[in-house]
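Let me begin by presenting the structure, written as structure tokens, before commenting on it.
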Amino acid sequence: MSDTTRPTDQGPTDQGPTDQIKTVTNPAGMVQSAASQEYTSIEHLILRVVMKVLFAPIIVFALYVQFHGDYGPGGGFQAGVIFAVAFILHALIFGLEATKKALPQGWLSVLMVVGVLLYAGTGVANMLLGGHLLDYDTIDPQSTHHAGQHYGILIVEFGVGVAVASTMLMIFYQFASREPEISDEEW
Amino acid sequence: MENDTVTLAEAATLAIDLSLLTLLFLVAYQMLKSRHLFAVVMLSGIYSLLSALFFVSLDAVDVAFTEAAVGAGISTVLMLAGMLLTARREKPLMPGRAPVAILVVFLVGAALMYATLDMPAFGDATAPANAYVGLQYIERTPNEIAVPNIVTAVLASYRGFDTLGETMVIFTAGVAVMLLLGAGSIKGGRQVKDVSDDGEAQQ
Amino acid sequence: MDILQFIADRYNYWVVIVLMMLGLYTVISRGNLVKKIIGLNIFQTSVFIYYISIGKIRGGTAPIYVPGDMEARTDHGDDHGSGHGAAHGEDVHAIHGEPANAMADAVKANASSGHETVASTASLHAEPTHHAGASNSLETDIAFNAEGSAAADPHGASEGGVVLGEVIYSNPLPHVLILTAIVVGVATTAVGLALAVRIREAYGTIEEDELEAADNIAEFGTEDPREAAAGAAA
Amino acid sequence: MWDLIRDILSWALILIGSAALVIGAIGLVRFPDFYTRMHAAGVTDTAGAELIVFGLMLQAPSWIVVAKLAFISFFLFLTSPVATHAVAHAAWVVGVRPMLGPDLKREGDD
């Protein structure tokens with residue numbers, strides 16, 4: 001075992017315990033470390049069942065927070081984070097590979113751009129409609145109840161939500177798909 | 001207490017605020033003391049939830065919501081992942097570091113404490129921060145935006161450009177993490193071996 | 001008693017400063033990079049609490065219009081009684097129509113308010129009621145439609161115990177700033193952690209002094225560069 | 001009349017819930033080993049939070065608030081025991097074993 005965090009040991013493990021870290025594709029295994037292999041089939045049974053019950057409500061709640069942000073606490077930032085949390089929970093319990101099948105990493109990098117472009121594009125569209133940047137009243141100039149502002153805020157918040165959710169998930173994917181070099185005895 | 005009427009509700013709020021702040025202090029102190037990084041990360045989740053509770057007490061429901069979702073949901077998981085990839089334990093404090101740090105910290109703290117003597121009172125409606133721009137938002141939102149949640153109106157409309165910038169910062173941070181950890185592969189990089197030669201050289 | 005009042009008015013800021021000192025101490029004194037990032041988070045949260053504390057208004061509520069209040073505050077919401085519309089609309093209109101004037105007023109008021117704050121702090125022990133008095137005069141001028149006018153207001157119909165159009169809301173601006181700052185904070189924390197992870201992979205440690213020693217060994221072949229310099233000179 | 005009953009009932013629920021949480025906190029400090037502490041925290045946490053939410057439900061001004069509180073209570077009922085289970089299970093997998101018999105009287109484990 002060449003790899004420790006002892007102060008005397010300067011070098012990283014290059015060709016160290018490759019046999020030791022072979023099964024850490026599952027972040028749940030990472031977090032609940034030292035799980036013996038024979039457990040894994042039934043180990044997370046309760047967590048899996050509850051996760052299946054909870055996953056859809058969390059997504060629905062995220063959507064509620066996203067689109068109810070005009071009327072109550074909430075908005076794109078919170079909704080994006082909650083949406084990301086649902087998938088992070090999924091990854092923690094079912095493993096990162098399963099989550100990546102459900103929501104591929106390539107989509108995320110596209111969605112990150114789409115979110116920001118949705119926001120910026122709304123602003124540019126307002127300019128093209130003859131107003132200032134992000135002057136939502138140009139969307140519906142005739143409205144007496146500021147319908148343009150409502151539409152603008154909804155679109156922009158949606159852009160924020162998409163950008164935040166995909167960025168947070170992307171960051172999580174990047175961290176979780178790395179293999180820890182530290183042996184479990186360090187705990 | 002002659003002139004100002006302290007109601008029961010205000011006294012209760014004061015008690016709740018004080019207990020929350022005490023808990024915040026204790027948790028922060030324990031985070032400073034503990035060398036077990038797993039415990040520190042868990043405590044940071046508790047710290048976030050406590051501060052979210054305190055935000056509710058200060059009427060900032062949107063902020064509390066965000067802090068609870070981010071602090072308990074994302075931040076803790078990311079820190080956990082970061083900790084798993086780096087180190088589980090912190091080394092003991094180097095002797096000689098603490099006195100300098102204490103000196104700097106107490107100087108800064110004393111200066112800030114001195115500055116609070118001139119601060120407007122807590123909850124003062126006429127404080128410069130509250131009387132002008134903030135009040136304008138409250139007065140104008142019904143006429144100009146017509147959205148019940150003033151925070152959303154200010155966030156997405158009045159200060160929409162600001163929020164665009166914030167979104168860009170988040171996007172940039174995501175790209176930075178991708179570049180640092182993803183190793184250029186859209187399929188998700190595995191462990192990178194490009195540094196092992198240097199590691200050998202250092203030994 | 002005024003000492004107590006003084007403390008009650010500021011205890012929030014002091015606790016926030018103590019939290020900030022804890023965070024700063026963690027950042028400076030601890031050598032572990034992850035611990036430094038966590039210290040930075042403590043610091044950051046204390047700044048958040050400080051901002052939100054400033055925005056709190058005594059007796060206020062969360063900055064979301066209570067049902068019916070938004071309509072009561074609009075100019076064109078004539079269905080809520082023209083009397084109120086006139087009384088209230090005038091006020092908004094003055095701000096709305098002549099921003100330059102409003103700005104000038106604001107600056108004037110700002111100057112006087114700053115003056116009064118200093119005065120009230122200076123004379124706090126001598127005259128405990130001064131601050132409240134100063135606050136009240138300002139309040140009736142600019143901060144709120146005077147409480148007294150609520151009685152004369154034909155719209156003074158209260159719904160569920162609140163007088164519409166007169167509800168006090170906490171300042172929404174700090175909330176907006178901090179809300180975005182929290183999410184940006186976690187994104188930047190992730191960047192910091194990613195850097196720490198890469199450093200760990202390159203050096204095998206994230207302790208500051210060991211990193212420095214490793215750099216020195218790589219550059220000079222010894223942990224102490226001064227030794228190497230002395231050796232080279234000799 | 002209904003108001004009075006409602007107030008008494010909701011206050012009773014809230015106070016019992018708070019008492020449960022306080023008792024749980026005391027148990028968390030006083031109990032000797034990990035599993036008994038987990039037991040104290042887990043059981044009273046679920047019960048106390050549920051009771052407080054029920055008490056709040058009786059005070060709710062409108063049905064929509066009742067519905068929201070019902071959702072909260074449902075999710076608390078689902079997640080709180082599961083969290084306790086996950087923590088206890090993780091401890092078991094890592095190798096923490098419950099104290100048994102005369103050991104239970106001592107402070108500190110293993």
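Just the heavy atoms: all of them, side chains too, but no hydrogens, waters or symmetry mates, feed the values below. In the text below, chain A, chain B and the rest are named by the order of the sequence lines, each starting its count at 1.
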Spatial distance of atom [atom1] ([X]) from atom [atom2] ([Y]) [nearest 0.5 Å]:
X	Y	atom1	atom2	value
C:Asn32	B:Glu90	CG	CD	5.0 Å
B:Tyr29	C:Tyr25	OH	OH	9.0 Å
C:Glu201	B:Leu181	CD	CG	7.5 Å
B:Leu135	C:Tyr169	CG	OH	12.0 Å
C:Tyr11	B:Thr116	OH	OG1	14.0 Å
B:Phe54	C:Asn12	CZ	CG	4.0 Å

Residue among [options] with most heavy-atom pairs under 4.5 Å to chain B:
options	value
C:Val27, C:Ile42, C:Ile38, C:Ile37	C:Ile42
C:Leu193, C:Val34, C:Thr61, C:Ile178	C:Thr61
C:Thr45, C:Ile199, C:Leu195	C:Thr45
C:Asp69, C:Val186, C:Thr188, C:Thr189	C:Val186
C:Pro63, C:Ala194, C:Ala187	C:Pro63
C:Val18, C:Asn41, C:Ile49, C:Val16	C:Ile49

Less than 4.5 Å apart, any side-chain heavy atom of [X] and any of [Y]?
X	Y	result
B:Asp162	C:Thr180	no
B:Phe122	C:Ile57	no
C:Phe48	B:Ser51	no
C:Leu22	B:Met31	no

Practice item. Could you walk me through whether C:Met20 and B:Leu112 pass side-chain contact (heavy atoms from CB on, under 4.5 Å), step by step? Key: CA-CA 10 Å; C:Met20 189 224 73; B:Leu112 288 173; 3.5 Å; yes
Selection from [options] maximising heavy-atom pairs under 4.5 Å formed with chain C:
options	value
B:Ala9, B:Pro148, B:Ala173	B:Pro148
B:Ala64, B:Ser75, B:Ala98, B:Ala60	B:Ala60
B:Val70, B:Leu155, B:Leu32	B:Leu32
B:Ile102, B:Ile74, B:Val169, B:Val61	B:Ile102
B:Val147, B:Ile138, B:Thr152	B:Ile138

Checking [X] side chain against [Y] main chain: does a donor-acceptor pair fall under 3.5 Å?
X	Y	value
C:Arg10	B:Met119	yes
B:Arg159	C:Val176	no
B:Asp62	C:Leu179	no
C:Arg58	B:Gly123	no
C:Lys35	B:Ser34	yes

Compare every heavy atom of [Y] with every heavy atom of [X], then report the nearest pair and how far apart it is.
X	Y	result
C:Val184	B:Glu166	CG2-OE1, 3.1 Å
C:Pro172	B:Gly134	CD-O, 3.9 Å
B:Tyr47	C:Ser46	OH-N, 4.4 Å
B:Pro120	C:Tyr13	O-OH, 3.5 Å
B:Ala129	C:Asn171	O-ND2, 2.8 Å

**Study point:** Of C:Glu208, C:Glu207, C:Glu210, the residue whose pairing with B:Lys91 passes salt bridge (charged side-chain N to carboxylate O under 4.0 Å, His left out)
**Key:**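 For B:Lys91, the salt bridge (charged side-chain N to carboxylate O under 4.0 Å, His left out) check succeeds only for C:Glu210.
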**Study point:** B:Thr141 and C:Met70: CA distance, side-chain angles, deciding distance, side-chain contact (heavy atoms from CB on, under 4.5 Å) verdict
**Key:** CA-CA 8 Å; B:Thr141 300; C:Met70 188 175 79; 5.6 Å; no
Would you mind checking which part of [X] comes under 4.5 Å of any heavy atom in chain C, side chain (CB onward), backbone (N, CA, C, O), both or neither?
X	value
B:Leu58	both
B:Leu43	neither
B:Val100	neither
B:Ser57	backbone
B:Ala28	both
B:Tyr158	neither
B:Val108	side chain
B:Val151	both
B:Tyr137	both
B:Phe25	both

So what's closer than 4.5 Å to chain B heavy atoms on [X]: side chain, backbone, both or neither?
X	result
C:Ile54	both
C:Ile64	both
C:Ile52	both
C:Tyr50	side chain
C:Val197	both

**Study point:** Steps toward side-chain contact (heavy atoms from CB on, under 4.5 Å) verdict (B:Leu24, C:Val15)
**Key:** CA-CA 9 Å; B:Leu24 272 173; C:Val15 177; 5.9 Å; no
Practice item. Give a yes or no on whether B:Met168 atom CE has more than 12 heavy-atom contacts from other residues, nucleotides or ligands under 6.0 Å away. Key: no
Check your understanding: Crowded around C:Tyr51 OH? As in, over 12 foreign heavy atoms under 6.0 Å?
Key -> no
Point to revise | Residue among B:Asp59, B:Asn130, B:Asp124, B:Asp17 satisfying side-chain hydrogen bond (donor to acceptor under 3.5 Å, both in side chains) with C:Lys56 | key: B:Asp59
